[in-house]
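The structure appears right after this line, and notes come after that.
Every value quoted in this text rests on a predicted model; they were computed, and no experiment measured them. For reference, positions follow the sequence shown, starting with 1.
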Amino acid sequence: MTKQLIIDGTPIEVEDGTTLMHACEAAGSEIPRFCYHERLSIAGNCRMCLVEVQGSPKPVASCAMLVNDLPPNKDGSPKIVSTNTALVKKAREGVMEFLLINHPLDCPICDQGGECDLQDQAMAFGIGGSRYRENKRAVEEKHIGPLIKTIMTRCIHCTRCVRYMTEVAGVEELGLISRGEDAEITTYLENGILSEMSANVVDLCPVGALTHRPWAFNARPWEMTGTESIDVMDAVGSAIRVDTRGGAVMRVLPRNNDAVNEEWISDKTRHVADGLKSQRLDQPFIRKNGRLEPATWNAALSLVAENLKAAKPDRIGAIAGDLAGAEEMFALKDLLTRFGATSFDCRQAGDKLDPKLGRASYLFNSSIEGIELADAILIVGSNPRLEAPILNARIRKRWRAGGLKVGVVGQAADVTYPVDYLGAGPETLVDIANGRHAFAEVLKSAKYPMVIVGQSAFARADGLAVLAAAARIAVDACAAKDAAWNGFNVLHTAAARVAGLDLGFVPGKGGKDLAGILGGGLEFVYLLGADECDLSGLGSAFVVYQGSHGDHGASRADVVLPGAAYTEKSATYVNTEGRAQQTVKAAFAPGDAKEDWTILRQLSQQAGATLPYDRLSELRAAMYKSAPQLAHLDAIETRAVSGLETLAKLSGVVSPEPFKTAITDFYMTNPIARSSAVMAGMSALRAAHDQKLSAAE
């Protein structure tokens with residue numbers, strides 16, 4: 001059904017269920033608003049969006065009025081809606097005057113200055129002064145954690161922050177108390193907000209009541225240069241904007257990408273920026289007499305090349321870390337293969353994923369956006385709230401829409417939506433796979449079933465058997481249903497993992513995997529940003545570490561080669577659903593540090609096996625021949641469930657050991673985060689909170 005309207009003299013036809021605000025905007029009329037937000041429920045409490053409707057005795061709040069709720073004209077003619085009449089202008093001026101009654105005049109020192117909706121709309125729709133002479137109301141500031149700075153006297157009670165925390169983040173820790181002049185937004189118990197996505201409320205706040213505490217008084221928006229890039233703190237690949245000033249990264253903000261992160265990012269993504277300045281490797285180092293000492297690039301690369309050429313092919317190994325870009329992984333494999341090496345591994349957690357089983361065996365095949373179709377989800381060995389907060393918010397969004405059943409096999413945790421806890425270990429998973437569990441029928445009766453397998457399930461000794469059982473569940477549940485729907489989903493935690501599997505950065509014929517490389521017996525080991533594995537067993541091997549931060553890998557290395565962080569290079573990353581995306585260089589690497597692929601190109605020349613590409617475009621052309629899917633940026637393939645047959649037919653014995661959580665400290669998952677003082681503060685806050693809960697229990 002459609003509805004015909006005449007808006008500011010323009011005839012328009014809109015679908016039933018459309019708000020009057022969207023109908024006006026479709027007709028080309030601008031509607032101001034403070035409380036309304038496209039991804040939150042409608043509150044209708046700021047009244048800034050008032051319009052005049054034919055036959056209505058007073059202006060109407062267009063955000064809360066559906067077009068099909070408008071009473072029809074007696075003669076059947078279309079309703080006339082006006083957004084620019086004298087009545088509307090006076091009404092908006094009155095609303096703005098009320099909103100500014102208690103607002104402090106501190107725009108010159110407000111961090112929201114230059115990005116403030118209140119400033120913009122006061123100029124466009126307000127009047128030049130106020131008739132109120134009474135004293136302004138003051139509100140006590142709230143301490144809601146180390147990420148959000150509050151100046152609550154500025155608050156206009158739009159309740160965006162309250163609705164976001166309740167509806168999207170799933171942590172009901174903000175609300176409005178009291179009434180009338182005493183009304184205020186607070187955390188009730190004056191505790192810090194403990195959500196992995198809390199800082200998004202600052203983007204939502206249309207005034208300066210909530211600002212970023214770590215960035216307070218650091219810079220003005222017009223002083224910074226914005227660069228559109230992607231995030232690598234997890235495997236979701238959220239769209240971000242990196243703001244820099246004078247070559248330094250000042251802040252990270254979200255960009256809209258409906259297919260991936262909508263317009264949200266995690267707190268780690270947003271506030272890890274200070275970690276880009278700390279513990280940085282800015283010059284090469286060579287270990288002499290047990291100590292790492294500064295060296296020149298020529299000396300460091302010559303020593304690496306000398307040891308590489310002296311090592312036997314079967315005693316050369318390489319491990320790619322969680323933040324490595326596809327270009328440097330491809331270049332490293334290309335270089336070491338020229339010396340006969342076959343021992344490679346990008347699965348730093350010990351994953352049992354095998355690219356030989358097909359791409360569908362290691363991807364989030366239903367896609368992140370596809371979660372909104374699901375009507376039954378089985379989560380195996382994962383806590384998506386910590387492993388992928390943005391993806392977890394999608395599941396919560398789907399749950400709020402109704403008709404979703406979620407079952408969990410693994411460690412029990414608060415994931416912000418109700419779940420059926422089915423069991424702790426693989427036995428429950430096998431029962432579901434064999435149809436002996438009631439949840440098997442839930443999945444089979446669902447139109448769009450999903451199975452989500454976390455890292456703690458497939459990074460075990462029996463990981464391949466666990467994956468096979470999960471694949472059987474997905475294949476059986478998807479049988480005789482939509483042929484384009486694949487309900488088998490692997491949830492990665494590392495941004496580099498999928499690209500590494502796509503490039504075949506895994507053991508070749510006769511090569512050693514991660515356990516074999518770390519077990520000793522090798523002469524030459526190249527760590528490409530590998531910091532999350534136990535390096536104590538490398539023995540007397542000559543170890544090269546190439547990365548951006550002085551973390552675990554650098555402390556074991558014999559030679560350290562300083563590379564670039566993700567904000568300092570253009571590199572390809574593939575997210576958990578197989579979507580290839582590229583970071584964009586927003587700043588320069590510090591000191592003598594270089595982009596990673598150029599280091600490997602220079603090393604190849606020193607080692608006498610020069611790689612055949614001098615420019616990034618040439619490297620990518622060669623890489624795309626090896627893995628064509630990396631060339632299709634921001635696109636995902638349609639993967640039928642039939643691609644899982646090989647994995648589903650595998651057999652193996654599963655261990656009775658219960659599944660654990662892959663991430664125990666959300667704020668300390670990579671070298672950049674571990675170098676961040678803000679993340680350290682959040683980690684300490686969460687640890688103290690957990691300790692209080694344990695003591696209370």
Side-chain angles (χ1 to χ4, degrees), residues 15 17-19 22 37-42 163-171 195-197 200 204 231 234-239 254-266 360 363-380 382-385 387-408 415-420 439 442-454 473-474 477-478 481-492 575-579 581 634-641:
E15 295 286 335
T18 304
T19 64
H22 287 113
H37 191 276
E38 290 80 359
R39 303 192 194 278
L40 304 176
S41 61
I42 295 172
R163 284 174 283 148
Y164 168 80
M165 293 303 299
T166 302
E167 298 166 11
V168 179
V171 180
S195 167
E196 296 73 26
M197 299 173 60
N200 287 300
L204 291 172
D231 172 52
D234 55 30
V236 172
S238 300
R255 285 190 297 119
N256 189 78
N257 187 341
D258 286 341
V260 180
N261 61 305
E262 297 184 300
E263 60 188 83
W264 319 122
I265 54 175
S266 72
L363 292 183
F364 200 94
N365 295 289
S366 302
S367 80
I368 296 171
E369 197 172 22
I371 291 172
E372 297 189 26
L373 291 174
D375 43 3
I377 299 177
L378 175 64
I379 300 175
V380 181
S382 175
N383 180 354
R385 179 175 174 179
E387 295 171 24
I390 301 302
L391 185 144
N392 191 64
R394 283 274 189 168
I395 300 177
R396 176 173 171 80
K397 179 182 178 182
R398 174 63 189 88
W399 167 76
R400 291 189 73 249
L404 174 67
K405 293 184 178 180
V406 182
V408 170
V415 289
T416 74
Y417 42 85
V419 301
D420 294 328
F439 204 80
V442 173
L443 292 169
K444 287 182 180 179
S445 60
K447 186 176 181 182
Y448 293 104
M450 288 180 64
V451 179
I452 299 176
V453 188
I473 295 171
C478 294
K481 294 175 184 171
D482 188 343
W485 181 259
N486 186 337
F488 178 76
N489 300 283
V490 173
L491 180 56
H492 293 276
N575 76 348
T576 192
E577 60 182 348
R579 184 186 304 272
Q581 302 177 104
D634 202 30
I636 56 176
E637 304 169 0
T638 301
R639 294 173 288 274
V641 72

Can you check whether Ala446's main-chain N or O pairs, donor with acceptor, with Asp375's side chain at less than 3.5 Å? no
Main-chain N/O of Asn486 paired to Asn365 side chain as donor or acceptor, under 3.5 Å: no
Answer whether the closest heavy-atom distance between the side chains of Val236 and Ile368 falls below 4.5 Å. yes
So do Leu363 and Phe488 actually touch side chain to side chain, heavy atoms under 4.5 Å? no
Got a sec, which residues hit salt bridge (Lys or Arg N to Asp or Glu O under 4.0 Å) with [X], two or more places apart in sequence or on another chain?
{"X": "Lys444", "answer": "none"}
{"X": "Asp420", "answer": "none"}
{"X": "Arg579", "answer": "Glu577, Asp634"}

Phe364: ring pair (Phe, Tyr, Trp, His ring centres under 6.0 Å) partners, not counting sequence neighbours: none
Contact summary for [X] and [Y], nearest pair of heavy atoms:
{"X": "Ala374", "Y": "Leu404", "result": "O-CD1, 3.7 Å"}
{"X": "Glu387", "Y": "Ser382", "result": "OE1-OG, 3.0 Å"}
{"X": "Ser195", "Y": "Val171", "result": "CB-CG2, 3.7 Å"}
{"X": "Leu443", "Y": "Pro449", "result": "O-CB, 3.5 Å"}

Under the criterion side chain to side chain contact (heavy atoms under 4.5 Å, CB included), I'd like the reasoning laid out for Gln581 against Asn257: C-alpha separation, chi angles, the key distance, then a yes or no. CA-CA 12 Å; Gln581 302 177 104; Asn257 187 341; 4.1 Å; yes
Taking side chain to side chain contact (heavy atoms under 4.5 Å, CB included) as the definition, give me every residue that meets it alongside [X], ordered by chain and number, with sequence neighbours left out.
{"X": "Arg39", "value": "His37, Asn256, Asp258, Glu262, Glu263, Trp264"}
{"X": "Leu373", "value": "Tyr448, Trp485"}
{"X": "Val408", "value": "Ile379, Val419, Tyr421"}
{"X": "Asn392", "value": "Pro384, Arg385, Val415, Thr416, Tyr417"}

Among all residues two or more places apart in sequence or in another chain, which pass the side-chain hydrogen bond (donor to acceptor under 3.5 Å, both in side chains) test with [X]?
{"X": "Thr166", "value": "none"}
{"X": "Arg163", "value": "Thr159"}
{"X": "Ser41", "value": "Glu167"}
{"X": "Asn200", "value": "Tyr164, Arg270"}

Between Val453 and Asn489, does the side chain to side chain contact (heavy atoms under 4.5 Å, CB included) criterion hold? Intermediate values first, please. CA-CA 6 Å; Val453 188; Asn489 300 283; over 6 Å; no
Looking only at side chains, do Ser266 and Glu196 share a donor and an acceptor under 3.5 Å apart? no
Single hit among Lys397, Arg396, Arg398 for salt bridge (Lys or Arg N to Asp or Glu O under 4.0 Å) with Glu372: Lys397
